[in-house]
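See structure below.
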Amino acid sequence: MSAENVTIEQVPKGRLAIWLLIAGELIIFGGFIACYLLARFEYGGAFPAAMVDSTGGDIILWYWGAINTTILLASSWSIVKAHEAAINNELGKIKTYSLITIGLAAVFMIIKLGIEWPHDFHLGASLRSFDWLPTEYGAIAADGGFESVKTLFWSYYFIMTGFHGLHVVIGALAIFIVMLGASKGKNLHRVELAGMYWHMVDLIWIFLFPMFYLAQ
Amino acid sequence: MSNEQDYHGHPNYDVIGLILVVLMALSVVVDFVVTGNKLLSVSLIFGFSIIKAYLVIANFMHLKYEPKLVDLFPYLSIACMIIFFAGVYPDSASIDQKMAQDFMNLEVTPDMITESIRLLEHGVVK
(Lines give C-alpha, C1' and ligand atoms only; values in the text may rest on other atoms or scores of the structure.)
Protein backbone atom coordinates (compact mmCIF):
# COMPACT_ATOMS: atom_id res chain seq x y z
CA MET A 1 0.00 0.00 0.00
CA SER A 2 1.53 3.35 -1.03
CA ALA A 3 0.82 6.65 0.66
CA GLU A 4 -0.89 8.13 -2.43
CA ASN A 5 -3.62 5.49 -2.43
CA VAL A 6 -4.44 5.64 1.28
CA THR A 7 -7.90 6.87 2.24
CA ILE A 8 -8.91 8.26 5.62
CA GLU A 9 -10.62 4.95 6.45
CA GLN A 10 -7.31 3.11 6.06
CA VAL A 11 -5.39 5.32 8.50
CA PRO A 12 -4.85 3.29 11.68
CA LYS A 13 -7.28 4.32 14.45
CA GLY A 14 -4.50 4.80 16.98
CA ARG A 15 -2.79 7.30 14.71
CA LEU A 16 -6.03 9.22 14.15
CA ALA A 17 -6.63 9.27 17.91
CA ILE A 18 -3.17 10.73 18.52
CA TRP A 19 -3.79 13.38 15.84
CA LEU A 20 -7.02 14.27 17.64
CA LEU A 21 -5.16 14.52 20.95
CA ILE A 22 -2.47 16.67 19.31
CA ALA A 23 -5.16 18.94 17.81
CA GLY A 24 -6.60 19.46 21.31
CA GLU A 25 -3.18 20.23 22.75
CA LEU A 26 -2.44 22.68 19.96
CA ILE A 27 -5.71 24.50 20.69
CA ILE A 28 -4.79 24.75 24.39
CA PHE A 29 -1.28 26.06 23.71
CA GLY A 30 -2.58 28.17 20.80
CA GLY A 31 -4.94 29.87 23.27
CA PHE A 32 -2.03 30.52 25.65
CA ILE A 33 0.10 31.95 22.87
CA ALA A 34 -2.73 34.14 21.52
CA CYS A 35 -3.42 35.56 25.01
CA TYR A 36 0.29 36.17 25.57
CA LEU A 37 0.59 38.00 22.24
CA LEU A 38 -2.48 40.12 23.06
CA ALA A 39 -0.90 41.15 26.37
CA ARG A 40 2.50 41.63 24.73
CA PHE A 41 1.05 44.10 22.21
CA GLU A 42 -1.00 45.86 24.88
CA TYR A 43 1.77 46.37 27.41
CA GLY A 44 4.73 46.64 25.02
CA GLY A 45 7.17 48.38 27.36
CA ALA A 46 6.55 46.50 30.57
CA PHE A 47 7.17 42.96 29.27
CA PRO A 48 10.80 43.53 28.19
CA ALA A 49 11.30 45.54 31.41
CA ALA A 50 10.16 42.53 33.43
CA MET A 51 12.96 40.47 31.90
CA VAL A 52 15.82 42.52 33.33
CA ASP A 53 16.98 42.68 36.93
CA SER A 54 17.68 45.79 39.00
CA THR A 55 21.15 46.14 37.44
CA GLY A 56 19.82 45.93 33.88
CA GLY A 57 21.07 42.37 33.31
CA ASP A 58 18.93 39.74 31.59
CA ILE A 59 16.93 37.49 33.93
CA ILE A 60 15.98 35.04 31.19
CA LEU A 61 19.22 33.77 29.68
CA TRP A 62 19.01 32.96 25.97
CA TYR A 63 21.67 30.25 26.06
CA TRP A 64 19.68 28.02 28.42
CA GLY A 65 16.77 28.31 26.02
CA ALA A 66 19.02 27.50 23.07
CA ILE A 67 20.50 24.48 24.88
CA ASN A 68 17.02 23.21 25.78
CA THR A 69 15.83 23.73 22.20
CA THR A 70 18.77 21.69 20.90
CA ILE A 71 18.00 18.99 23.48
CA LEU A 72 14.36 18.75 22.38
CA LEU A 73 15.31 18.71 18.68
CA ALA A 74 17.81 15.94 19.40
CA SER A 75 15.15 14.01 21.33
CA SER A 76 12.75 14.36 18.39
CA TRP A 77 15.43 12.85 16.19
CA SER A 78 16.10 9.99 18.63
CA ILE A 79 12.43 9.03 19.00
CA VAL A 80 11.89 9.01 15.24
CA LYS A 81 14.94 6.72 15.00
CA ALA A 82 13.21 4.47 17.56
CA HIS A 83 10.18 4.43 15.27
CA GLU A 84 12.42 3.50 12.33
CA ALA A 85 13.89 0.70 14.45
CA ALA A 86 10.36 -0.53 15.27
CA ILE A 87 9.57 -0.80 11.56
CA ASN A 88 12.72 -2.84 11.01
CA ASN A 89 12.00 -5.00 14.09
CA GLU A 90 15.31 -3.95 15.69
CA LEU A 91 14.25 -4.37 19.30
CA GLY A 92 17.59 -3.39 20.83
CA LYS A 93 17.66 -0.12 18.92
CA ILE A 94 14.12 0.70 20.04
CA LYS A 95 15.28 0.48 23.64
CA THR A 96 18.48 2.46 23.00
CA TYR A 97 16.81 5.33 21.16
CA SER A 98 13.89 5.45 23.61
CA LEU A 99 16.30 5.66 26.55
CA ILE A 100 18.23 8.44 24.78
CA THR A 101 14.95 10.36 24.38
CA ILE A 102 14.01 9.87 28.04
CA GLY A 103 17.52 10.93 29.11
CA LEU A 104 17.29 14.11 27.02
CA ALA A 105 13.85 14.82 28.53
CA ALA A 106 15.40 14.49 32.00
CA VAL A 107 18.20 16.91 31.11
CA PHE A 108 15.62 19.37 29.74
CA MET A 109 13.67 19.28 33.01
CA ILE A 110 16.80 19.54 35.16
CA ILE A 111 17.83 22.69 33.28
CA LYS A 112 14.31 24.13 33.48
CA LEU A 113 13.49 23.37 37.13
CA GLY A 114 16.97 23.09 38.62
CA ILE A 115 18.79 25.96 36.94
CA GLU A 116 16.51 28.35 35.06
CA TRP A 117 13.55 28.82 37.41
CA PRO A 118 15.65 29.26 40.59
CA HIS A 119 17.83 31.73 38.67
CA ASP A 120 14.73 33.65 37.50
CA PHE A 121 13.27 33.88 41.01
CA HIS A 122 16.63 34.81 42.50
CA LEU A 123 16.98 37.77 40.13
CA GLY A 124 13.51 39.17 40.65
CA ALA A 125 10.92 37.15 38.76
CA SER A 126 7.75 37.50 40.79
CA LEU A 127 4.27 36.04 40.82
CA ARG A 128 2.94 38.16 43.69
CA SER A 129 -0.10 40.28 42.96
CA PHE A 130 0.41 43.97 43.46
CA ASP A 131 -1.65 46.44 45.43
CA TRP A 132 -4.71 48.20 44.17
CA LEU A 133 -6.28 51.49 45.26
CA PRO A 134 -10.05 52.03 45.12
CA THR A 135 -11.30 54.73 42.77
CA GLU A 136 -14.68 55.83 41.54
CA TYR A 137 -13.98 53.76 38.42
CA GLY A 138 -13.21 50.61 40.41
CA ALA A 139 -9.52 50.37 41.21
CA ILE A 140 -6.13 51.44 39.97
CA ALA A 141 -2.79 49.83 40.69
CA ALA A 142 -0.89 51.60 43.42
CA ASP A 143 2.12 52.04 41.16
CA GLY A 144 0.17 53.03 38.05
CA GLY A 145 0.11 49.45 36.81
CA PHE A 146 3.71 48.97 35.66
CA GLU A 147 4.74 46.42 38.29
CA SER A 148 1.45 44.56 37.88
CA VAL A 149 2.10 44.16 34.17
CA LYS A 150 5.60 42.88 34.91
CA THR A 151 4.01 40.25 37.16
CA LEU A 152 1.63 39.41 34.33
CA PHE A 153 4.62 38.59 32.14
CA TRP A 154 6.03 36.20 34.72
CA SER A 155 2.62 34.54 35.14
CA TYR A 156 2.55 33.82 31.41
CA TYR A 157 6.16 32.65 31.46
CA PHE A 158 5.81 30.22 34.36
CA ILE A 159 2.40 28.89 33.36
CA MET A 160 3.35 28.30 29.72
CA THR A 161 6.80 26.84 30.34
CA GLY A 162 5.46 24.92 33.36
CA PHE A 163 2.57 23.44 31.42
CA HIS A 164 4.97 22.54 28.63
CA GLY A 165 7.29 20.94 31.20
CA LEU A 166 4.36 18.84 32.43
CA HIS A 167 3.91 17.59 28.87
CA VAL A 168 7.62 16.73 28.70
CA VAL A 169 7.22 14.56 31.81
CA ILE A 170 4.02 12.90 30.49
CA GLY A 171 5.67 12.28 27.09
CA ALA A 172 8.77 10.74 28.68
CA LEU A 173 6.59 8.47 30.85
CA ALA A 174 4.59 7.39 27.79
CA ILE A 175 7.77 6.59 25.89
CA PHE A 176 9.09 4.59 28.86
CA ILE A 177 5.89 2.53 29.16
CA VAL A 178 5.78 1.89 25.41
CA MET A 179 9.48 0.96 25.42
CA LEU A 180 8.91 -1.74 28.07
CA GLY A 181 6.58 -3.60 25.71
CA ALA A 182 8.23 -2.73 22.39
CA SER A 183 11.67 -3.90 23.50
CA LYS A 184 10.07 -7.36 23.92
CA GLY A 185 8.45 -7.17 20.50
CA LYS A 186 4.97 -6.21 21.74
CA ASN A 187 2.81 -3.41 20.27
CA LEU A 188 5.54 -1.97 18.08
CA HIS A 189 3.11 0.46 16.44
CA ARG A 190 2.86 2.30 19.77
CA VAL A 191 6.44 3.55 19.36
CA GLU A 192 5.24 5.77 16.52
CA LEU A 193 2.22 6.98 18.53
CA ALA A 194 4.31 7.94 21.57
CA GLY A 195 6.77 9.57 19.16
CA MET A 196 4.04 11.68 17.55
CA TYR A 197 3.07 13.00 20.98
CA TRP A 198 6.73 13.75 21.67
CA HIS A 199 7.09 15.68 18.40
CA MET A 200 4.09 17.78 19.46
CA VAL A 201 5.93 18.66 22.69
CA ASP A 202 8.94 19.68 20.57
CA LEU A 203 6.68 21.63 18.19
CA ILE A 204 5.29 23.79 21.01
CA TRP A 205 8.76 24.55 22.35
CA ILE A 206 9.81 25.67 18.85
CA PHE A 207 7.46 28.65 19.38
CA LEU A 208 7.97 29.17 23.13
CA PHE A 209 11.73 29.55 22.64
CA PRO A 210 11.64 32.68 20.40
CA MET A 211 8.67 34.11 22.35
CA PHE A 212 10.43 34.13 25.71
CA TYR A 213 14.14 34.02 24.93
CA LEU A 214 14.54 35.91 21.63
CA ALA A 215 12.66 38.60 19.73
CA GLN A 216 12.19 40.96 22.68
CA MET B 1 4.72 -3.36 12.84
CA SER B 2 2.64 -4.41 9.85
CA ASN B 3 3.13 -2.97 6.35
CA GLU B 4 -0.53 -1.94 6.42
CA GLN B 5 0.33 0.66 9.07
CA ASP B 6 3.68 1.67 7.62
CA TYR B 7 2.48 2.95 4.26
CA HIS B 8 4.30 6.24 4.65
CA GLY B 9 7.85 6.92 3.53
CA HIS B 10 10.85 7.57 5.71
CA PRO B 11 12.86 10.67 4.84
CA ASN B 12 16.48 11.01 5.92
CA TYR B 13 15.87 11.82 9.59
CA ASP B 14 19.54 12.68 10.21
CA VAL B 15 19.47 15.46 7.58
CA ILE B 16 16.14 16.82 8.85
CA GLY B 17 17.47 16.88 12.42
CA LEU B 18 20.59 18.73 11.27
CA ILE B 19 18.53 21.32 9.37
CA LEU B 20 16.42 21.90 12.50
CA VAL B 21 19.51 22.58 14.64
CA VAL B 22 20.95 24.91 11.96
CA LEU B 23 17.66 26.86 11.81
CA MET B 24 17.65 27.17 15.61
CA ALA B 25 21.23 28.51 15.51
CA LEU B 26 20.25 30.97 12.75
CA SER B 27 17.40 32.28 14.96
CA VAL B 28 19.90 33.06 17.73
CA VAL B 29 22.33 34.68 15.27
CA VAL B 30 19.57 36.88 13.82
CA ASP B 31 18.57 37.99 17.33
CA PHE B 32 22.11 39.22 17.98
CA VAL B 33 23.05 40.51 14.51
CA VAL B 34 19.85 42.15 13.20
CA THR B 35 19.43 44.59 16.07
CA GLY B 36 18.60 47.75 14.11
CA ASN B 37 15.38 46.54 12.53
CA LYS B 38 13.08 44.90 15.08
CA LEU B 39 10.37 44.03 12.56
CA LEU B 40 12.89 42.27 10.32
CA SER B 41 14.50 40.31 13.17
CA VAL B 42 11.15 39.20 14.65
CA SER B 43 9.88 38.21 11.19
CA LEU B 44 13.02 36.19 10.47
CA ILE B 45 13.04 34.48 13.89
CA PHE B 46 9.38 33.46 13.69
CA GLY B 47 9.80 32.60 10.00
CA PHE B 48 12.52 30.11 11.00
CA SER B 49 10.18 28.75 13.70
CA ILE B 50 7.41 28.17 11.14
CA ILE B 51 9.86 26.35 8.83
CA LYS B 52 11.07 24.22 11.77
CA ALA B 53 7.48 23.42 12.75
CA TYR B 54 6.65 22.41 9.17
CA LEU B 55 9.71 20.14 8.97
CA VAL B 56 8.74 18.41 12.22
CA ILE B 57 5.07 17.99 11.27
CA ALA B 58 5.73 16.90 7.69
CA ASN B 59 8.71 14.60 8.24
CA PHE B 60 8.94 13.45 11.86
CA MET B 61 5.15 13.21 12.27
CA HIS B 62 4.81 11.99 8.66
CA LEU B 63 1.87 14.26 7.90
CA LYS B 64 2.96 14.66 4.29
CA TYR B 65 2.34 10.94 3.77
CA GLU B 66 -1.16 10.95 5.29
CA PRO B 67 -4.43 11.56 3.38
CA LYS B 68 -5.26 15.25 3.03
CA LEU B 69 -8.13 15.00 5.53
CA VAL B 70 -5.64 14.30 8.34
CA ASP B 71 -4.06 17.72 7.62
CA LEU B 72 -7.18 19.26 9.14
CA PHE B 73 -6.21 18.13 12.66
CA PRO B 74 -3.16 20.37 13.14
CA TYR B 75 -3.99 23.13 10.67
CA LEU B 76 -7.54 23.73 11.95
CA SER B 77 -6.15 23.98 15.49
CA ILE B 78 -3.67 26.64 14.38
CA ALA B 79 -6.46 28.41 12.47
CA CYS B 80 -8.50 28.50 15.73
CA MET B 81 -5.66 30.40 17.42
CA ILE B 82 -5.40 32.91 14.57
CA ILE B 83 -9.19 33.46 14.48
CA PHE B 84 -9.27 33.96 18.26
CA PHE B 85 -6.40 36.46 18.13
CA ALA B 86 -7.80 38.37 15.14
CA GLY B 87 -11.26 38.51 16.70
CA VAL B 88 -10.18 39.67 20.15
CA TYR B 89 -7.28 42.01 19.35
CA PRO B 90 -9.28 44.99 17.97
CA ASP B 91 -11.58 45.00 21.04
CA SER B 92 -8.70 44.48 23.43
CA ALA B 93 -6.77 47.37 21.89
CA SER B 94 -9.73 49.78 21.96
CA ILE B 95 -10.61 48.93 25.59
CA ASP B 96 -6.99 49.54 26.56
CA GLN B 97 -7.06 52.98 24.92
CA LYS B 98 -10.30 53.84 26.79
CA MET B 99 -8.79 52.79 30.13
CA ALA B 100 -5.67 54.84 29.43
CA GLN B 101 -7.84 57.85 28.62
CA ASP B 102 -9.87 57.38 31.81
CA PHE B 103 -6.67 57.12 33.82
CA MET B 104 -5.36 60.38 32.33
CA ASN B 105 -8.64 62.17 33.15
CA LEU B 106 -8.86 60.78 36.67
CA GLU B 107 -9.49 63.39 39.35
CA VAL B 108 -8.20 62.56 42.81
CA THR B 109 -10.95 63.04 45.38
CA PRO B 110 -10.51 63.55 49.17
CA ASP B 111 -12.08 60.11 49.71
CA MET B 112 -9.42 58.46 47.58
CA ILE B 113 -6.65 60.17 49.55
CA THR B 114 -8.23 59.13 52.88
CA GLU B 115 -8.57 55.55 51.68
CA SER B 116 -4.99 55.53 50.38
CA ILE B 117 -3.69 56.73 53.77
CA ARG B 118 -5.74 54.06 55.52
CA LEU B 119 -4.28 51.36 53.25
CA LEU B 120 -0.77 52.70 53.85
CA GLU B 121 -1.27 52.72 57.63
CA HIS B 122 -2.50 49.15 57.61
CA GLY B 123 0.41 48.06 55.47
CA VAL B 124 -1.86 46.93 52.62
CA VAL B 125 0.23 49.06 50.23
CA LYS B 126 3.78 50.33 50.61
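Residue numbers begin at 1 in each chain, while the letters A, B, ... track the order of the sequences.
Residue B:Lys68: no heavy atom, backbone or side chain, is found under 4.5 Å from chain A. Of the atoms belonging to B:Phe48, not a single heavy atom falls under 4.5 Å from chain A. For A:Asn187, no part lies under 4.5 angstrom from a heavy atom of chain B. The part of A:Leu203 that comes within reach of chain B is its side chain, from C-beta onward, which places non-hydrogen atoms under 4.5 angstrom from that chain. Contact of A:Ile206 with chain B is made through backbone and side chain together, with heavy-atom distances under 4.5 Å. Residue B:Ser27 touches chain A through both its backbone and its side chain, counting heavy-atom pairs closer than 4.5 Å. Residue contact with chain B, scored on non-hydrogen atoms closer than 4.5 Å, is absent for A:Tyr63. For A:Ile18, no part lies near chain B; criterion is any non-hydrogen pair under 4.5 Å.
The distance from the CZ atom of B:Phe73 to the CG atom of A:Leu21 is 11.0 Å, given to the nearest 0.5 Å. In this structure, CD in B:Glu66 is found 7.5 Å from CG in A:Leu16, a value given to the nearest 0.5 Å. Of the inter-residue distances, the one linking B:His10 atom NE2 with A:His83 atom NE2 reads 5.0 Å to the nearest 0.5 angstrom. Atom CG of B:Leu72 is separated from atom CH2 of A:Trp19 by 11.5 Å, given to the nearest 0.5 angstrom.
Listed by sequence position, B:Ser49, B:Ile50, B:Lys52, B:Ala53, B:Val56, B:Ile57 are the residues of residues 49-59 of chain B in contact with chain A, using a 4.5 angstrom heavy-atom cutoff. When the heavy atoms of residues 82-89 of chain B are compared with those of chain A, the residues falling under 4.5 Å are B:Phe84, B:Phe85, B:Val88, B:Tyr89, listed by number.
Counting heavy-atom pairs closer than 4.5 Å to chain B, the top residue among A:Thr70, A:Ile79, A:Leu20 is A:Leu20. Options B:Val70, B:Val21, B:Val42, B:Ile16 differ in how many heavy-atom pairs under 4.5 Å they form with chain A, and the most are formed by B:Val70. Options B:Ile78, B:Leu76, B:Leu63 differ in how many heavy-atom pairs under 4.5 Å they form with chain A, and the most are formed by B:Leu63. Most heavy-atom pairs under 4.5 Å with chain B, from the set A:Ile27, A:Leu38, A:Ile33: that is A:Leu38. No other option in A:Leu37, A:Leu73, A:Ile22, A:Thr7 has as many heavy-atom pairs under 4.5 Å with chain B as A:Leu73.
Within a 6.0 Å sphere centred on OH of B:Tyr13, heavy atoms belonging to other residues, nucleotides or ligands number more than 12. Within 6.0 Å of the NZ atom in B:Lys38, the count of heavy atoms belonging to other residues, nucleotides or ligands exceeds 12. Atom NZ of A:Lys95 has 12 or fewer neighbouring heavy atoms from other residues, nucleotides or ligands inside a 6.0 Å radius.
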Checklist entry - Can you check side chain to side chain contact (heavy atoms under 4.5 Å, CB included) on A:Arg15 and B:His62, steps first, answer last? => result CA-CA 11 Å; A:Arg15 204 179 289 164; B:His62 305 108; over 6 Å; no
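Classified by interplanar angle (parallel below 30°, tilted 30° to 60°, perpendicular above 60°), the ring pair A:His199/B:Phe60 is tilted.
A:Tyr213 and B:Asp31 get closest at one heavy-atom pair: O-OD2, 4.4 Å. Of all heavy-atom pairs between B:Met81 and A:Gly30, the closest is CG-O, 3.0 Å.
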